[in-house]
Amino acid sequence: NEYYFIDKTLMIKELLENKETVNLFTRPRRFGKTLNMSMLQRFFEATEKSNAYLFDGLKIAAYPEYMAYQGQYPVISISLKSMKRASYQEAYFEYVKLLSDEFERHEIILQSDAVSEEDKLEFQKIKKRIAEPKEYNSAVKLLSKCLQKVYQKNVIILIDEYDVPLENAYLEGFYDQMIQFIRSLFESALKTNPYLEKSVITGCLRISKESIFTGLNNLKSDSVLHTEYGDSFGFTESEVEA
């Protein structure tokens, strides 16, 4: 459609080279965070039909040792953008819906003999939106466990717009409830999750480490002021000139 495409695939190489398990990228709006998350999902996710063709002729294709990782992992991908709501109850309901959609995307789990009937039952409850609140708090960890059993590979977790529900809750007056919920979600998915291979989180704001990333000693934070990924987001001067 005669659009320009700026090749950011070398971000994949940098992520594979760094040894941090959890990577947080904070950038202003319109810097391509969500597009990069889509790129990472298409690169890493094991799918029935290979997505390798999407990377033909791009910069990452010049590194066969990194292309070997293409399509090798189960991927959990969620965006918290829809949780911008007027009340905690409405925001929580949006979380229940987005989890249900992501569980439905991984229905292959229900056909696998590697997953226990107990886990399948809990999986079904979350997919059908009838689980208990405490089950939703640890749902990402459950999905990680089930995917690891099916694929025999640890999981890559992508969380986009992580700060949207927190910023909104602050403005709407239910920040304490939301911070408690997001903290329990992050702790379960990113801190006490033995099935985690790597995680990438994006947002505009850096929420204080003490309140939300408590105990995440495997976290690497990359901001627009302190970055090792300067050419991975937004347009560089040379890209604009080109």
Connected via hydrophobic side-chain network under 4.5 Å: [X] and [Y]:
X	Y	answer
Ile126	Phe93	no
Leu98	Tyr136	yes
Tyr66	Val75	yes
Ile179	Val164	no
Leu24	Ile78	yes

Should the heavy atoms of other residues, nucleotides or ligands under 6.0 Å from [atom1] of [X] be counted, would the total exceed 12?
X	atom1	result
Lys120	NZ	yes
Tyr170	OH	no
Gln72	CD	yes
Glu65	CD	yes

- Message: Check for me whether the distance between the ring centres of Phe181 and Tyr92 falls short of 6.0 Å.
- Response: yes

- Thr47 and Arg42: CA distance, side-chain angles, deciding distance, side chain to side chain donor-acceptor pair (under 3.5 Å) verdict: CA-CA 9 Å; Thr47 51; Arg42 297 304 185 278; over 6 Å; no

Please determine if [X] and [Y] form a salt bridge, counting it only when a charged side-chain N lies under 4.0 Å from a carboxylate O.
X	Y	value
Asp160	Lys81	no
Lys8	Asp231	no
Arg85	Glu94	yes

- Query: In chain order, what residues pass the salt bridge (charged side-chain N to carboxylate O under 4.0 Å, His left out) check against Lys13, with sequence neighbours excluded?
  - Reply: Glu17

- Task: Please determine if Lys127 forms a cation-pi arrangement with Phe103, meaning its NZ or CZ atom is less than 6.0 Å from the six-membered ring centre and no more than 45° off the ring axis.
- Result: no

- Message: If we check ring pair (Phe, Tyr, Trp, His ring centres under 6.0 Å) with Phe25, which of these qualifies: Tyr162, Phe233, Phe31?
- Response: Phe233

- Query: Of Glu228, Lys220, Glu14, which is the lone residue that meets side-chain contact (heavy atoms from CB on, under 4.5 Å) with Asn23?
  - Reply: Lys220

- Checking side chain to side chain donor-acceptor pair (under 3.5 Å) for the pair Arg206/Ser221: CA distance, chi angles, key distance, verdict? CA-CA 9 Å; Arg206 177 74 160 90; Ser221 182; 3.2 Å; yes

- Message: Within the 3.5 Å criterion, strictly below it, is a donor on Ser38 or Gln41 matched to an acceptor on the partner's side chain?
- Response: no

- Message: Show the nearest heavy-atom pair for residues Leu142 and Phe123, with the distance to one decimal.
- Response: CD2-N, 4.0 Å

